[in-house]
Amino acid sequence: MVRLFRLLGHLPLSFMQGVGALLGWLVWLLSPAYRLRLESQARAAGFNPPQYRPAVAAIGMMVAELPWLWLRPRQQGVLDRVQWDGAERFEAALDAGKGVILALPHLGCWEMIGQSLAERYGPTRGPLVALYRPARKAWLAPLVASSRDRPGLKAVPTSVAGVRSLIRVLRGGGYTAILPDQVPPLGQGAWAPFFGRPAYTMTLLPRLAQQSGATVLLCWCERVGIGKGYVMHFEPMDAPELHDASASPEAAATAVNAGMERLIRQAPGQYLWSYARYKQPAQDI
């Protein structure tokens, strides 16, 4: 599988995106269960078919981009494919020296965020430090590990020691990125509304912000179109609960979900509606 991914990583990104769009629609047509989950969650969130149907192709493109993003030749960068919107907010937050937490949902091409940040800011601002859990599937583990093994990226384990390390990084003025719309294991989250429905939401992000004093920014990487590149967006997240240690976990989680909703409403056709966002949390092993 690694050899196949490595081979695919040498193909043009635009070609892989086109193939991915077709595969996305093929899965949609052949899997009633997949189609039902995607459609029901998008509709329950208040979106109509013209708004969410582009996500069918976008999800396929997201998968097809991975070989290029993970295993393209190491000397091949990404910055020539990325435009920046609001980067001055990110740079100003770094200049303040209090650390930065980027909150990003499963929207657009989130895998591009780490790589573009690492390439643009790693040489002068230090690496993007993020929590990393090895893939549970044995064949996928080396692929995911290789994607994190690039200059400007540093992974720390998803453990108490890893979280403490991340707090030190933030207090030292560093930066990280977190996908807070991912369902955490039982005991690591709180129930909070997400598009009007209770969703088990991680409390890690607000805890990091409260303990480190870091600035929190919303971030997402817009996929402009097949072969047309990406736009990295940064927006403020002015939620007082993220900096108030007395705020309840539920209040802080609600504030985080509100931020995620704000971004998703900008481009519902690029959100991962097929993700089981409302599932019961699993017991961590």
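One is the number of the first residue; the rest follow in order along the sequence. In this text, all values refer to a predicted model and were calculated from it rather than measured experimentally.
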Student: Just checking, is any N or O donor in the side chain of Gln210 or His243 under 3.5 Å from an acceptor N or O on the other one?
Tutor: no
Student: Going through the checks in order, is the side chain to side chain contact (heavy atoms under 4.5 Å, CB included) test met by Trp70 and Leu8?
Tutor: CA-CA 10 Å; Trp70 289 358; Leu8 294 175; over 6 Å; no
Student: Atom CG in Leu38, atom CG in Leu36: separation rounded to 0.5 Å?
Tutor: 9.5 Å
Student: Got a second to check how far Met16's CE is from Leu13's CG, nearest 0.5 Å?
Tutor: 8.5 Å
Student: Would Leu272 and Met61 show up in the same hydrophobic cluster when neighbours are defined by side-chain heavy atoms closer than 4.5 Å?
Tutor: no
Student: Establish whether Trp273 and Tyr34 are linked, either directly or via other cluster members, by ILVMFWY side-chain heavy-atom contacts under 4.5 Å.
Tutor: yes
Student: Tell me every residue that passes side-chain hydrogen bond (donor to acceptor under 3.5 Å, both in side chains) with Arg72, counting only those two or more places apart in sequence or in another chain.
Tutor: Gln115
Student: Check the surroundings of atom CZ in Arg164: do more than 12 heavy atoms from other residues, nucleotides or ligands lie under 6.0 Å from it?
Tutor: no
Student: Please check if the side chain of Tyr275 supplies one atom and the backbone of Val183 the other of a donor-acceptor pair under 3.5 Å.
Tutor: yes
Student: For the residue pair Arg120 and Trp84, would you count it as a cation-pi contact if the rule is NZ or CZ under 6.0 angstrom from the ring centre and within 45 degrees of the ring axis?
Tutor: yes
Student: For a 4.5 angstrom cut-off between non-hydrogen side-chain atoms, does Gln211 reach Arg171?
Tutor: yes
Student: Show your working on ring pair (Phe, Tyr, Trp, His ring centres under 6.0 Å) between Tyr200 and Tyr278 and close with a plain yes or no.
Tutor: CA-CA 7 Å; Tyr200 197 65; Tyr278 301 100; over 10 Å; no
Student: Apply side chain to side chain contact (heavy atoms under 4.5 Å, CB included) to the pair Cys109 and Met62, showing each step before the final yes or no.
Tutor: CA-CA 6 Å; Cys109 184; Met62 178 269 296; over 6 Å; no
Student: Can a donor-acceptor pair be found, under 3.5 Å and without considering hydrogens, that links the side chain of Ser165 to the backbone of Ala161?
Tutor: no
Student: Between Ser212 (side chain) and Leu208 (backbone), is there a donor-acceptor pair under 3.5 Å?
Tutor: yes
Student: If every non-hydrogen atom of Leu263 is compared with every non-hydrogen atom of Leu107, which pair is closest and at what distance?
Tutor: O-CD2, 3.6 Å
Student: What heavy-atom pair brings Pro123 and Ala118 nearest, and what distance separates the two atoms?
Tutor: CD-O, 3.7 Å
Student: Ile101 versus Tyr175: any side-chain heavy-atom pair under 4.5 Å?
Tutor: no
Student: Between Arg223 (side chain) and Tyr230 (backbone), is there a donor-acceptor pair under 3.5 Å?
Tutor: no
Student: For side chain to side chain contact (heavy atoms under 4.5 Å, CB included), just list the numbers for Arg197 and Phe195, CA-CA rounded to whole Å, side-chain angles, deciding distance to a tenth of an Å, and then say yes or no.
Tutor: CA-CA 6 Å; Arg197 299 171 62 188; Phe195 286 111; 6.0 Å; no
Student: For Glu65 and Gln17, test the side chains for any donor-to-acceptor distance below 3.5 angstrom and give the result as yes or no.
Tutor: yes
Student: If you group Ile, Leu, Val, Met, Phe, Trp and Tyr by side-chain heavy-atom gaps below 4.5 Å, do Ile59 and Leu22 land in one group?
Tutor: no
Student: How long is the straight-line distance from CD of Gln182 back to CZ of Arg277, given to the nearest 0.5 Å?
Tutor: 9.5 Å
Student: Is Leu79 reachable from Met112 through a run of hydrophobic residues whose side-chain heavy atoms are each under 4.5 Å from the next?
Tutor: yes
Student: Rounded to the nearest 0.5 Å, what separation is found between the SG atom of Cys219 and the CD1 atom of Ile178?
Tutor: 12.5 Å
Student: Do Val82 and Val231 have side chains that approach each other closer than 4.5 Å (heavy atoms only, starting at C-beta)?
Tutor: no
Student: Do Tyr121 and Trp220 share a hydrophobic cluster, counting only Ile, Leu, Val, Met, Phe, Trp and Tyr and linking them when any side-chain heavy atoms are less than 4.5 Å apart?
Tutor: yes
Student: Within a strict 4.5 Å, meaning less than it, do heavy atoms of the Val129 and Val156 side chains meet?
Tutor: yes
Student: Just one of Leu102, Val100, Asp85, Leu218 clears the side-chain contact (heavy atoms from CB on, under 4.5 Å) bar with Phe234, so which one?
Tutor: Leu102
Student: Is the ring centre of Tyr271 less than 6.0 Å from the ring centre of Phe47?
Tutor: no
Student: Considering all heavy atoms of both residues, which atom of Cys221 and which atom of Ile113 are nearest to each other, and what is their separation?
Tutor: CB-CG1, 3.7 Å
Student: Measuring from atom CG of Leu204 to atom CG of Leu131, what distance do you get when rounded to the nearest 0.5 angstrom?
Tutor: 6.0 Å
Student: Between Met237 and Arg262, does the side chain to side chain contact (heavy atoms under 4.5 Å, CB included) criterion hold? Intermediate values first, please.
Tutor: CA-CA 10 Å; Met237 190 172 181; Arg262 192 171 108 200; 5.6 Å; no
Student: Contact between Asp181 and Leu179 at the side-chain level, heavy atoms closer than 4.5 Å - yes or no?
Tutor: yes
Student: Under 4.5 Å between any side-chain heavy atoms of Val256 and Phe194, yes or no?
Tutor: no
Student: Which pair of heavy atoms, one from Ala64 and one from Gly20, lies closest together, and at what distance?
Tutor: CB-CA, 3.5 Å
Student: side-chain hydrogen bond (donor to acceptor under 3.5 Å, both in side chains) between Tyr52 and Glu39: does it pass, once the steps are laid out?
Tutor: CA-CA 8 Å; Tyr52 69 74; Glu39 214 166 40; 3.1 Å; yes
Student: Is there a donor-acceptor contact under 3.5 Å from the side chain of Gln270 to the main chain of Ala58?
Tutor: no
Student: Less than 4.0 Å between a side-chain N and a carboxylate O, is that true for Arg125 and Glu91?
Tutor: no
Student: Would you check if the side chain of Gln51 reaches a backbone N or O of Pro268 as a donor-acceptor pair within less than 3.5 Å?
Tutor: no
Student: If you compare all heavy atoms of Arg89 against all heavy atoms of Pro236, which two are closest, and at what distance to 0.1 Å?
Tutor: NE-CD, 3.6 Å
Student: Judged by atom type as modelled, is there a donor-acceptor pair below 3.5 Å linking the side chain of Ser40 to the main-chain atoms of Arg37?
Tutor: yes
Student: For Pro185 versus Pro281, what's the shortest heavy-atom pair and its separation?
Tutor: C-CB, 4.2 Å
Student: Do the side chains of Pro49 and Arg43 get nearer than 4.5 Å, heavy atoms only?
Tutor: yes
Student: Would you find a donor on one side and an acceptor on the other, under 3.5 Å apart, between the side chain of Glu241 and the backbone of Ala247?
Tutor: no
Student: Could you measure the distance from the CD atom of Gln188 to the CZ atom of Arg207? Nearest 0.5 Å is fine.
Tutor: 7.5 Å
Student: Do Trp68 and His10 come within less than 4.5 Å of each other through their side chains, counting heavy atoms only?
Tutor: no
Student: Got a donor-acceptor contact below 3.5 angstrom from the Thr201 side chain to the Ala199 backbone?
Tutor: yes
Student: Using modelled atom types only, decide if a donor and an acceptor are shared between the side chain of Arg53 and the backbone of Gly269 within a distance under 3.5 Å.
Tutor: no
